[in-house]
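Below, all heavy atoms of this structure are taken into account, side chains as well, without hydrogens, waters or symmetry copies. Numbering of residues begins at 1 and proceeds along the displayed sequence.
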Amino acid sequence: MAAISFCNRKYVRLWPVLILLSVALLLVWRNLQQAQKLAASSKIGGHKSVGLPTNPSRPSADFHLAHDQHPKFIQREDSARTKELRSLLKCRDRSLRFQRLQHGEFWLLQNLVMGRRSREVGCAESVTYTTNGDFTFFDNLEMVVSRWRAPVSFAIHTPGYDLNTTLDAIRYVRNCLPESDSIKDWVSFHVYFPNQHMPDYVPYDEAEVLLYPHMCTLANGSLVSPPYTRIPTTESYKSRANLTYPINVGRNIARLAANTHFIFACDIELYPSVGFVDQFLDMVARNHSVLALDPRQRRRVYPLPVFEVETGVQVPADKDELLALFRKQQAQVFHLKLCPTCHTIPGQEEWLNRTSRADDQLHLFSKALRKWKFRAWEPFYVSDNTEPLFDERVTWEGQSNKRIQVSYYCSFVVSVSQCNILLQNYAMCLLDYEYHVLSPAFLVHSPGIKQTGNGDSTRLQYAKEMSKFIKNKIEPEYRVLFGENSACKT
């Protein structure tokens, strides 16, 4: 009797162990069943569709796993010109990719939204137009892309809630404009913001930006107004936080993100003549001597003449149309009334007197060093992206972000496109760069001729302080870094 009682107690102690083993076996069996189902579905090629995120401010992890793959790239067949130039330039193809980076005191989402064709463009296949701005500059993008028809690298300053407007603007220009398909093909957008002025929301990647479609029409069929026109500049986060615009940060971000050998660093309000990219690459392929391939040669860049036209005038597509506007006195050299020497090119009268029939193919028209007569020149040019970067200590409000200081007009009166290149060009003068002006290609500023004005008093004071800082601090640094040259003036 005692023995039977002992055995019963022994079995009672084993029951919990048996129950736990049974549960474990059941879980293993269920996991195996699920694994078999997943394997079967993957063989068939099907997958569950990813719906809208449960949290409207942040899509689910499953969404990002499903969208974290780059689109499949179909191998392209390079043209004979591209193969020849790649061998000549000894450049290497590089795909664009999204990166979260720190750039000084800024957070940068590089290639947040990429151009479909720009993503895999070859290093010698095209020329990248690198530019910058904030959401208020988006109205220029369609004109630039319609004329450039090649990669555009666009860096956008987006402090605080300005990022939300910028994301809306990106979706709008990619979906609601006549040139939206071209913008999807060519424009890669980079957004950056100060670490002291973080947005409340930052998208995870391109898929999240493009997940929410932008409505282009209202219920009554009328067009939705662009988001970049609905918010007055005074109501932007930048204005309310009294921030300066770090234009040279944007310029450098756009340059560093380019994946072509040649770039054209330009202000987004400057529109190129039609067909320039193919004309430039054809010129190089036709005549290799236009490049400084011998290390003993002076380094060189390729400026385009810059003009402005009256408000309401159609932007000229080619030199014939430009000269016709000159004859009607509806066009003139850029900022002629503000700083006559800032955009005067070598041989300007001859350039204007030669018709496009005489300039059938793009060619090197004239050359100069940025010294003596041309020490105040502010050219926009094609380069191989090896010239010095822009000095990021200088801002738009300082009015000297591309130069150091020239005259009263150039330092304190003119707009973002004026007197903001010569600080970089001062360094290039010290490095003895040559400037080879092209013809018949050119740039035209968005319509409207800038008149002489007194300028904003706050901005004038800021510009004076910046000019003093440049003269006493930056200019001596450049002479140490790049050498002395008495012919180079600031």
Distance check, rounded to the nearest 0.5 Å: [X] atom [atom1] versus [Y] atom [atom2]?
X: L256; Y: T130; atom1: CG; atom2: OG1; result: 9.5 Å
X: F135; Y: I170; atom1: CZ; atom2: CD1; result: 12.5 Å
X: F334; Y: E308; atom1: CZ; atom2: CD; result: 6.0 Å
X: Q102; Y: L108; atom1: CD; atom2: CG; result: 10.5 Å
X: D162; Y: I231; atom1: CG; atom2: CD1; result: 7.5 Å
X: E142; Y: E179; atom1: CD; atom2: CD; result: 5.5 Å

With distance as the sole test, does [X] use its side chain to make a donor-acceptor pair with the main-chain N or O of [Y] at under 3.5 Å?
X: N248; Y: D391; result: yes
X: S273; Y: D318; result: no
X: S182; Y: V145; result: no
X: R171; Y: V209; result: yes
X: T217; Y: L223; result: no
X: Y245; Y: G133; result: yes
X: Q424; Y: P388; result: yes
X: S239; Y: E235; result: no
X: N140; Y: F137; result: yes
X: Y302; Y: V290; result: yes

A side-chain contact here means heavy atoms from C-beta on lying under 4.5 Å apart; do [X] and [Y] qualify?
X: F189; Y: T166; answer: no
X: V224; Y: C216; answer: no
X: F98; Y: E206; answer: no
X: V144; Y: T131; answer: no
X: M143; Y: S446; answer: no
X: P246; Y: F106; answer: yes
X: P447; Y: V315; answer: yes
X: Y228; Y: V173; answer: yes

| request: Determine, stepwise, if the pair V301 / M428 fulfils side-chain contact (heavy atoms from CB on, under 4.5 Å). | output: CA-CA 10 Å; V301 292; M428 292 170 68; 3.9 Å; yes

State, without any angle test, whether [X] and [Y] hold a side-chain donor-acceptor pair at a distance under 3.5 Å.
X: R230; Y: S225; result: yes
X: T260; Y: T128; result: yes
X: N111; Y: R97; result: no
X: E392; Y: H103; result: yes

| Residue pair L89, F262: steps toward the side-chain contact (heavy atoms from CB on, under 4.5 Å) verdict | CA-CA 10 Å; L89 301 171; F262 292 113; 3.7 Å; yes

| Would a line drawn from the ring center of Y161 to the ring center of Y237 be shorter than 6.0 Å? |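 Judged by ring-centre distance (under 6.0 Å), Y161 and Y237 do meet the cut-off.
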
| Between Y192 and H157, does the ring centroid distance fall short of 6.0 Å? |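 Ring centres of H157 and Y192 closer than 6.0 Å.
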
| request: For Y435, check ring pair (Phe, Tyr, Trp, His ring centres under 6.0 Å) against everything at least two apart and list the hits. | output: W377

| Contacts of type ring pair (Phe, Tyr, Trp, His ring centres under 6.0 Å), residue F193, not counting sequence neighbours |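 By the ring pair (Phe, Tyr, Trp, His ring centres under 6.0 Å) rule, F193 matches no residue at all.
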
Got a salt bridge between [X] and [Y], using NZ or NE/NH1/NH2 to carboxylate O under 4.0 Å?
X: E84; Y: R286; value: no
X: E125; Y: R117; value: no
X: D93; Y: R86; value: yes
X: R370; Y: E378; value: no

To check you understand the geometry: which heavy-atom pair defines the closest contact between [X] and [Y], and what is its length?
X: L96; Y: S118; result: CD1-O, 3.7 Å
X: A317; Y: R147; result: CA-NH2, 3.7 Å
X: F154; Y: V187; result: CB-CG1, 4.2 Å
X: W148; Y: V152; result: CD1-CG2, 4.0 Å
X: A285; Y: R81; result: CB-CG, 3.9 Å
X: P199; Y: T158; result: CG-O, 4.0 Å

| message | I want to check a possible cation-pi pair here: R251 against F390, using under 6.0 Å from ring centre and within 45° of the ring axis as the test. | response |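 Yes, R251 and F390 form such a contact.
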
| said: Under 6.0 Å from the ring centre and within 45 degrees of the ring axis: does the NZ or CZ of R300 meet both conditions for the six-membered ring of Y381? | reply: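 Geometry flag: not set, cation outside 6.0 Å or 45°.
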
With a 6.0 Å cut-off (strictly less than), is the heavy-atom count around [atom1] of [X], excluding the residue itself, greater than 12?
X: N220; atom1: CG; result: yes
X: R92; atom1: CZ; result: no
X: N195; atom1: CG; result: yes

| message | The test is side-chain contact (heavy atoms from CB on, under 4.5 Å); show your working for F138 and I156 and say whether it passes. | response | CA-CA 10 Å; F138 269 71; I156 309 151; 3.7 Å; yes

| request: Show the numbers, then the answer: is there a side-chain contact (heavy atoms from CB on, under 4.5 Å) between F380 and L304? | output: CA-CA 6 Å; F380 292 89; L304 273 66; over 6 Å; no

| query | Do the ring planes of F280 and F276 sit parallel (below 30°), tilted (30 to 60°) or perpendicular (above 60°)? | reply |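 Judged by the thresholds at 30° and 60°, the geometry between F280 and F276 is tilted.
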
